[in-house]
Amino acid sequence: MGILNATPDSFSDGGRHLEPWRAIDAGRQMLDDGALIVDVGGESTRPGAVPVSPEEEADRILPVIEGLAGMPVSVDTYRPEVARQALAAGAWLVNDIGGLRDPDMLAAVRDAGAGAVIMHMQGTPRTMQHMPQYGDVVAEVRDFLVDQASASGLDDVLIDPGIGFGKTLEHNLALLRNLDVLVGTGLPVLVGASRKGFIGSLARGTDAAGRDPGSIAVHLDAARRGAAMVRVHDVAAHVQALKVQEALL
Ligand code: HH2
């Protein structure tokens, strides 16, 4: 899954794809490079991010989704009204960081006969990194994802532990080291670690632009442990790494 943020302030690609033609070109390039789907977002959800209005979010993403019509596109939104418009404009899948907790979001996905990514998040982007707390992070995340997937009644879902969404470094590592627990649910697992802060913490001081090597390391490991999909900024580098790994297994 290639990440395409039509935002001014995303932590890694903010501002690069704000004009629709740039975003459409970048999305086509990701598909050419081997992405299975392009994930179009119109609001940054990095820690501390301030929400934009639904109108602003829709204005940013709809021209991009329309420009990629007929191609595999998901929409990265937690707002049902934005999801409905994106699905009508041609998106195939809703990537909901809210984990389908909002009944209107579930209705939007159902009405369109679409699929969804159900992601786990503790708190909200504004506050989630203040003091995330769990008893057993792996079991709690698994139970939430399995419950949401089965309550949704949808045929086509992926589950995602939500790396960095209300999680400390130790929580992220526990989820990645124990990915078999999520894979063991039988639901396809998506992992999104691309350029995230915990990679900077492990490789001290590396800024977002320098975190692709660490991102590839995490995603290769996730694929070996059975992840069905990884959500990444640098599609070409990941496709190459995954192909080589596959040949070696
Ligand atoms: N991470 C981000 C956004 N959406 N969706 C899923 N399913 N999984 C993730 O891990 C995930 C996500 C945050 O990353 P990014 O889109 O690169 O940045 P920003 O939120 O600043 O736009």
Side-chain angles (χ1 to χ4, degrees), residues 1-18 23 26-27 30 35-52 56-57 60-61 64 73-79 82-83 86 91-101 105 109 115-126 128-129 132 141 144-145 148-149 156-167 171-172 175-176 179 182 187-200 207-209 211-212 214-215 218-219 222 227-235 238:
M1 174 182 276
I3 301 171
L4 186 57
N5 287 314
T7 59
D9 59 339
S10 286
F11 77 94
S12 165
D13 60 348
R16 285 188 55 200
H17 309 127
L18 206 49
M30 286 177 193
L36 295 178
I37 192 158
V38 174
D39 191 38
V40 180
E43 177 182 303
S44 174
T45 50
R46 71 188 186 287
V50 179
V52 297
E56 171 82 39
E57 188 187 356
R60 290 177 182 172
I61 61 171
V64 181
V73 166
S74 57
V75 58
D76 183 1
T77 188
Y78 56 87
R79 291 197 178 92
V82 176
W92 296 18
L93 199 71
V94 176
N95 174 22
D96 179 18
I97 63 161
L100 295 185
R101 274 176 291 201
M105 180 59 110
V109 176
V117 177
I118 301 175
M119 196 198 79
H120 177 275
M121 167 168 60
Q122 187 178 89
T124 64
R126 214 164 178 168
M128 64 193 179
Q129 290 307 101
V141 168
F144 170 81
L145 294 172
Q148 290 302 98
D156 190 11
V157 292
L158 288 122
I159 57 169
D160 180 339
I163 298 300
F165 283 86
K167 281 132 194 142
H171 296 144
N172 290 324
L175 287 162
L176 292 166
L179 205 66
L182 295 187
L187 294 162
V189 175
L190 170 67
V191 171
S194 198
R195 300 181 185 168
K196 286 192 175 167
F198 84 101
I199 294 172
D207 64 7
R211 293 179 195 153
D212 280 333
S215 307
V218 173
H219 292 139
M229 195 178 284
V230 291
R231 182 179 179 277
V232 309
H233 294 92
D234 189 338
V235 170
H238 275 85

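This structure is a prediction, so every number in the text was calculated from the model and none was measured. The chain is numbered in sequence order, starting from 1. Ligands are counted one by one from 1 in listed order, and the atoms in each one are counted from 1 as well.
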Between [X] and ligand 1, find which residue part has any heavy-atom pair under 4.0 Å and reply side chain, backbone, both or neither.
| X | answer |
| --- | --- |
| T45 | both |
| R46 | both |
| R195 | neither |

Rounded at 0.5 Å granularity, tell me how far CG in L100 sits from CD in Q148.
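So the gap between those two atoms works out to 6.5 Å.
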Rounded distance (nearest 0.5 Å) linking atom OG of S10 with atom NE2 of H233
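NE2 of H233 is found 7.0 Å from OG of S10.
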Tell me, which protein residue and heavy-atom name are nearest [atom], and how many Å apart are they?
| atom | result |
| --- | --- |
| atom 21 (O) of ligand 1 | S44 OG, 2.7 Å |
| atom 5 (N) of ligand 1 | N95 ND2, 3.0 Å |
| atom 10 (O) of ligand 1 | K196 NZ, 2.6 Å |
| atom 22 (O) of ligand 1 | S10 OG, 2.5 Å |
| atom 17 (O) of ligand 1 | H233 NE2, 3.1 Å |

Check: [X] N/O within less than 3.5 Å of ligand 1 N/O:
| X | result |
| --- | --- |
| D9 | no |
| G162 | no |
| I97 | no |

I want to confirm something. Looking only at heavy atoms, which of M1, R231, M119 is nearest to atom 16 (O) of ligand 1?
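Considering heavy atoms of M1, R231, M119, the nearest to atom 16 (O) of ligand 1 sits in R231.
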Considering D76, D160, L190 one by one, which has a heavy atom nearer to atom 8 (N) of ligand 1 than any of the others?
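Looking at heavy atoms only, D160 sits closest to atom 8 (N) of ligand 1.
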Are any side-chain N or O atoms of H219 and backbone N or O atoms of A193, one a donor and one an acceptor, separated by less than 3.5 Å?
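Yes, because the side chain of H219 sits within donor-acceptor range (under 3.5 Å) of the backbone of A193.
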Flag, side chain of S215 to backbone of R195, donor-acceptor distance under 3.5 Å
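Flag set: sc S215 to bb R195 pair under 3.5 Å.
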Does a side-chain heavy-atom distance below 4.5 Å link R231 with N95?
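R231 vs N95: side chains touch.
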Side-chain contact, heavy-atom cut-off 4.5 Å: D39 with I3?
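No - every pair of side-chain heavy atoms lies 4.5 Å or more apart.
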Apply the side-chain contact (heavy atoms from CB on, under 4.5 Å) test between P188 and each candidate in V117, L182, L158; give the one that qualifies.
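One option only clears the test, and that one is L158.
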At their closest point, which heavy atom of V75 faces which heavy atom of I61, and how far apart are they?
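Nearest pair, atom of V75 first, then I61: CG2-CD1, 3.6 Å.
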Any idea which heavy atoms bring F165 and Q129 closest together, and the distance?
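In this case the closest contact between F165 and Q129 is C-OE1, 4.0 Å.
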Counting each atom of ligand 1 from 1 as listed, which ones have a heavy atom of [X] under 4.0 Å away?
| X | value |
| --- | --- |
| G192 | 10 (O) |
| V117 | 7 (N) |
| N5 | 15 (P), 16 (O), 17 (O), 18 (O), 22 (O) |

May I ask you to decide whether R46 forms a salt bridge with D9, counting only side-chain N to carboxylate O separations under 4.0 Å?
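Looking at D9 together with R46, the answer is yes, because their closest N to O distance falls below 4.0 Å.
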